[in-house]
Number of protein chains: 2
Amino acid sequence: MSIQEPRTRIQRKNHQAILEAALEVFARSGFAAATLDQIASEAGMSKPNLLYYFPSKEAIHLTLLSQLMDTWLDPMRDIDPDGEPVEELLAYVRRKLQMSREMPRESRLFAHEIIQGAPHMGPELETVLRPLVMEKAAIVADWSAAGRIATVDPVHLIFSIWSLTQHYADFDVQVRKVLGPGRDPWDEAAAHLETLFGRMLAP
Amino acid sequence: MSIQEPRTRIQRKNHQAILEAALEVFARSGFAAATLDQIASEAGMSKPNLLYYFPSKEAIHLTLLSQLMDTWLDPMRDIDPDGEPVEELLAYVRRKLQMSREMPRESRLFAHEIIQGAPHMGPELETVLRPLVMEKAAIVADWSAAGRIATVDPVHLIFSIWSLTQHYADFDVQVRKVLGPGRDPWDEAAAHLETLFGRMLAP
DNA sequence: CGGATTTCTGACCATGCGGTCAGGAAAGAC
DNA sequence: GTCTTTCCTGACCGCATGGTCAGAAATCCG
């Protein structure tokens, strides 16, 4: 695919610059509307040079997606079965919201891909995402059964957390236009979600 | 723009067929990736004939978006200030979820547009959406102040309802892959959201 | 019927795109 | 230094796409 393990300094630097630029452009315009010229320009190099490092537009996109999947799921991996249930879940919400706040481009890239029907990530959704969700859902189900949190459908609880946190990244424009100037969506979201999930989960 | 008021039967029929086909294609692929040939083919006509009814790809997209905005907000318009607060809001959630369920293509079209930064709907968000949200938020704030529902940020409550209901349409693929076969996302979502907002709003 | 109007089509064009290629410039090895 | 490898570029190609146009069908209207 691309140059396997960047050896030289130059390779590492350009490899990185391309991925960074591509993230920006793909997140802004989606895969189809993004052009290699835009990415190359954003990365400060010529199109042929860009294609010296990656064999195709698709390859860049794929690299980005698979790199993303990992970091994107980290907040969920950190849910601790031995922690205090409500606090553990609220902490997850906080981590997820913070991630959306700090990585809105990644969130949008993901959103583009899923809305399109996940044409490039179909398999990984089942091999990586699903098992992890099942594992964590089981933990939540246990907490629920033990009466340590209110009764919930664990998987849909997770969907709710994804939906609400990513909403503020993906629909940022809408949120800001409705709130009007002078309000900080993210700070307000943090407080709101704390309340929402607090009430939802209280045993 | 397009043929203003379709007079003949043929015009009405083809006009409609084009919009229906375009909705399908735009929702599936997004604006940039959609092609006039696809839309024409889906509508059962030739590309030049399609362009006899609409002057450009953009015009079709715009027509679709502005038509959509109206129906999309209907469930919110029906919130009744004189109704029983909790039930009124839960009914809104139900209407919104049902709309996402029955019109997932419209939901995705909308999502595409907003993620891209709402390049075609910027104004309408402020002139149509914002005032309506403000109006309904005021009602919710009153209910809140009167102790008839729990204390909530009204606007973020509305965001939450949008986010959660549309999630099941926009991220349908992901939801289904995680849930696995044999489970009905929509029925489960209905129950889950009933619980979630019930607990959130109980005074 | 016949003429006017609407509806439709095949052929075409200009543009922008992803990707290639031959070879020049830098950088590294000795 | 010189030779080799890596890095980079301008010019180019084939193709798909949005859109045009001259005119053929079909429909409407008397």
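Note on naming: letters A, B, ... go to the chains in the order of the sequence lines (proteins, then strands), and numbering restarts at 1 for each one.
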Nearest whole angstrom, please: distance from the [atom2] of [N] to the [atom1] of [X].
X	N	atom1	atom2	result
B:Ile18	C:dT7	CD1	P	12 Å
B:Lys57	C:dT15	NZ	P	18 Å
A:Tyr52	C:dA26	OH	P	16 Å
A:Gln11	D:dT6	CD	P	8 Å
A:Glu58	C:dG18	CD	P	12 Å
A:Lys13	D:dC7	NZ	C1'	11 Å
A:Phe54	C:dT20	CZ	P	15 Å
B:Ile10	C:dT5	CD1	C1'	12 Å

Taking the six-membered ring for Trp, are A:Phe159 and B:Tyr168 parallel (under 30°), tilted (30 to 60°) or perpendicular (over 60°)?
perpendicular
What parts of residues 34-49 of chain B reach DNA chain D, counting only heavy atoms under 4.0 Å away?
B:Ala34, B:Thr35, B:Leu36, B:Lys47, B:Pro48
Using a heavy-atom distance cut-off of less than 4.0 Å, which residues of residues 19-30 of chain B contact DNA chain D?
none
Does B:Asn14 put a side-chain nitrogen or oxygen below 4.0 Å from OP1 or OP2 of C:dC8?
yes
Please state whether the phosphate of C:dG28, meaning OP1 or OP2, lies under 4.0 angstrom from any side-chain nitrogen or oxygen of A:Arg9.
yes
Taking atom types as modelled and ignoring hydrogens, do the side chains of A:His120 and A:Glu58 form a donor-acceptor contact shorter than 3.5 angstrom?
yes
Using a 4.5 Å cut-off on heavy atoms from C-beta on, say whether the side chain of [Y] contacts that of [X].
X	Y	answer
B:Leu125	A:Val178	no
B:Gln11	B:His15	no
A:Pro119	A:Glu113	yes
A:Thr8	A:Lys13	no

Return the minimal non-hydrogen interatomic distance between B:Lys136 and B:Ile79, and the atom names on each side.
NZ-O, 3.0 Å
Can you give me the closest heavy-atom contact between A:Glu188 and B:His156, atom names plus distance?
OE1-NE2, 2.6 Å
From C-beta outward on B:Tyr53, which listed nucleotide comes closest to its side chain: C:dG19, D:dG19, C:dC8?
C:dC8
Using the test side-chain hydrogen bond (donor to acceptor under 3.5 Å, both in side chains), find all partners of A:Asp70 that sit at least two apart in sequence or belong to another chain.
none
